[in-house]
Protein chains: 2
Amino acid sequence: MEELTKEQCTKSLLPIRDALDVINGKWKLHIIGSLLHGNRRFKDLQRDISGITAKMLSQELKSLELNGLVSRTVYDSAPVIVEYMLTPYGKTLQKLMDELRLWGTEHRKRMISPAAVK
Amino acid sequence: MEELTKEQCTKSLLPIRDALDVINGKWKLHIIGSLLHGNRRFKDLQRDISGITAKMLSQELKSLELNGLVSRTVYDSAPVIVEYMLTPYGKTLQKLMDELRLWGTEHRKRMISPAAVK
DNA sequence: TATACTACTTACCTTAAGGATAGTGGTTTC
DNA sequence: GAAACCACTATCCTTAAGGTAAGTAGTATA
């Protein structure tokens, strides 16, 4: 097994940071969670995610779109309909989210009754 | 496959949030990364992690200790020596970090040359 | 006795994330 | 023609994360 230099170690944190940045913020996981259940329009998302403002929803959707996780389709109807959906790439996040959920669930148990897992 | 209600869906995000909170912040991953290479004293960590201040290092170490990821040992020598190490539990983070690194590496490729992966 | 080292702590300041509220532009319904 | 619906955008404000700089307490070395 090779030892990593300090620089290599710091560098190896960059992709982790990238991954975290993509899902960071108060609302992104909520949006992804909602979209995992199917396509949604703007108002649908706002209804699904209690507490989110139009400003934040719009902002976070743009960020998710920029990162290729969410696609935005405008239907030329009246009134105009805008539909958001997870891209196939966006769906690859689910595995990561499952891992995080698993670790987080164990952690929560451990924090509630530390004696039981010491 | 069962459909989740809105409440169940929101609830399932909680452990994910827990996991993310544990490693969130600008410095925690750097500290964990350094400790993955062996035990470290306060000054060692400060030297390892370029840019971190004593205040932030102290603050983040406390948070990691509270979460059971890092242990703090004071040796009754003169001058006093304080050693930090990852607990076995802290080491379980490595798997998660590897998954995040994997996804993040792919994401970085995709962001640099989107055409190649379209 | 002065300087330096270790392991921090304290007080203050800056910046960025997010919240509150209101407004825009188009369309449709009453 | 007034009110309502959709999909946002703009402006201002609060809060929290993190940075700066200095200080503390104990020991040890010159």
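Only this structure's heavy atoms are used, side chains among them; waters, hydrogens and symmetry mates stay out. Each chain gets a letter, A, B and so on, in the order the sequences are listed, and its residues count up from 1.
- Listed pair B:R41 / C:dC5 fails the phosphate criterion, with no side-chain N or O lying under 4.0 Å from OP1 or OP2.
- With salt bridges taken as basic N to acidic carboxylate O contacts below 4.0 Å, none links B:D98 and B:K95.
- B:E60 and B:K26 are not joined by a salt bridge, as no carboxylate oxygen comes within less than 4.0 angstrom of a charged side-chain nitrogen.
- Here A:L57 lies out of heavy-atom contact (under 4.0 Å) with every strand.
- The A:S58 side chain lies nearest to D:dT9 when the options are C:dA7, D:dT20, D:dT9.
- Between A:K109 and A:E106, at least one side-chain N (NZ, or NE/NH1/NH2) sits under 4.0 Å from a carboxylate O, which counts as a salt bridge.
- For D:dC6, the OP1/OP2 oxygens have no side-chain nitrogen or oxygen of A:R40 closer than 4.0 Å.
- Within the 4.0 angstrom heavy-atom criterion, no nucleotide atom of any strand lies near A:Y75.
- Checked against C:dC8, D:dG18, D:dC8, the side chain of A:Y84 finds its nearest nucleotide in D:dC8.
- The side chain of A:K26 contributes no N or O atom lying less than 4.0 Å from OP1 or OP2 of D:dA16.
- Among the nucleotides C:dA11, C:dG18, C:dC8, the one closest to the side chain of B:K55 is C:dA11.
- Linking Ile, Leu, Val, Met, Phe, Trp and Tyr whenever their side-chain heavy atoms come within less than 4.5 Å puts A:V74 and A:V70 in one cluster.
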